[in-house]
Asker: 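Quick one: the structure is below, questions incoming.
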Amino acid sequence: MKTKTGFNLRSVCGERIIVAEGRENIDFSKVISMNESAAFLWEAVQGKEFSTEELAQLLVKEYGIDGSTAEKDAAEIAGQWLEAGITEE
């Protein structure tokens, strides 16, 4: 999996959101807001190839959660990113 080019994390009015840059990415019908852990993961993998296993490892290391919870959370966020169109397989 890889983050798509042209989608960048920004802080706007205290919210962490994904902002599309470039004409090919402009879609004003939705805003992608990220919580603290999702923003942490996005910053860690932006522009790189990654797997859900790597996302889970990052969560365990950063937040000290157990592996099974991290794997579940990582799979969920990866699925949400794919659905939102900000990553690709």
Side-chain angles (χ1 to χ4, degrees):
M1 188 174 294
K2 185 174 182 173
T3 59
K4 286 186 177 178
T5 303
F7 291 96
N8 296 301
L9 184 65
R10 300 279 188 253
S11 186
V12 178
C13 296
E15 293 286 324
R16 302 295 300 265
I17 63 169
I18 295 293
V19 176
E21 297 177 353
R23 286 190 180 145
E24 66 277 0
N25 293 327
I26 294 179
D27 178 1
F28 294 108
S29 66
K30 61 183 170 186
V31 172
I32 302 163
S33 180
M34 294 199 178
N35 63 20
E36 178 186 335
S37 57
F40 163 75
L41 291 174
W42 183 267
E43 289 175 327
V45 300
Q46 188 172 13
K48 303 174 187 173
E49 293 281 336
F50 65 93
S51 66
T52 55
E53 292 81 16
E54 289 170 294
L55 294 179
Q57 291 171 2
L58 287 165
L59 288 172
V60 168
K61 185 176 179 182
E62 182 70 12
Y63 297 102
I65 61 175
D66 66 273
S68 62
T69 300
E71 289 171 10
K72 180 181 154 278
D73 291 351
E76 184 177 332
I77 193 67
Q80 290 172 352
W81 290 353
L82 277 172
E83 187 178 318
I86 60 175
T87 59
E88 56 195 4
E89 291 189 79

Asker: Grab the two heavy atoms, one from Ile17 and one from Ser33, that are nearest each other, plus how far apart they are.
Answerer: CG2-CA, 4.0 Å
Asker: Of all heavy-atom pairs between Gly67 and Val60, which one has the smallest distance, and what is that distance?
Answerer: CA-CG2, 4.1 Å
Asker: Within this structure, what is the CZ-CE distance for the pair Arg16 and Met34, rounded to the nearest 0.5 Å?
Answerer: 9.5 Å
Asker: With sequence neighbours excluded, tell me which residues meet ring-ring contact (aromatic ring centres under 6.0 Å, His included) with Phe40.
Answerer: Tyr63
Asker: Do the side chains of Ile18 and Asn8 get nearer than 4.5 Å, heavy atoms only?
Answerer: no
Asker: Is it true that Glu54 and Lys48 make a salt bridge, defined as a side-chain N closer than 4.0 Å to a carboxylate O?
Answerer: no
Asker: Specify the closest pair of heavy atoms between Thr3 and Gly47, including all atoms of both residues, with the distance to one decimal.
Answerer: OG1-N, 2.7 Å
Asker: Rounded at 0.5 Å granularity, tell me how far CH2 in Trp81 sits from CZ in Phe50.
Answerer: 5.5 Å
Asker: Where is the tightest heavy-atom contact between Leu59 and Ala70, given as atom of each residue plus distance?
Answerer: CD1-O, 3.8 Å
Asker: Over all heavy atoms of both residues, which pair between Ala56 and Ala74 is shortest? Give the atoms and the distance, please.
Answerer: N-CB, 3.6 Å
Asker: Treat each ILVMFWY residue as a node, draw an edge where side-chain heavy atoms are under 4.5 Å apart, and state whether Phe7 and Leu9 are in one component.
Answerer: yes
Asker: The criterion is side chain to side chain donor-acceptor pair (under 3.5 Å); which residues satisfy it with Glu62, sequence neighbours excluded?
Answerer: none
Asker: Quick one about Glu71 and Ser68 (side-chain donor to acceptor, distance below 3.5 Å, no hydrogens or angles considered), yes or no?
Answerer: no
Asker: Mind checking what makes salt bridge (charged side-chain N to carboxylate O under 4.0 Å, His left out) contact with Glu15, not counting sequence neighbours?
Answerer: none
Asker: How far does CD of Glu36 sit from CG of Leu41, to the nearest 0.5 angstrom?
Answerer: 10.5 Å
Asker: Specify the closest pair of heavy atoms between Leu82 and Thr87, including all atoms of both residues, with the distance to one decimal.
Answerer: N-OG1, 3.3 Å
Asker: Quick one: pull up OG in Ser37 and CG in Leu55 and give me the separation to the nearest 0.5 Å.
Answerer: 10.5 Å
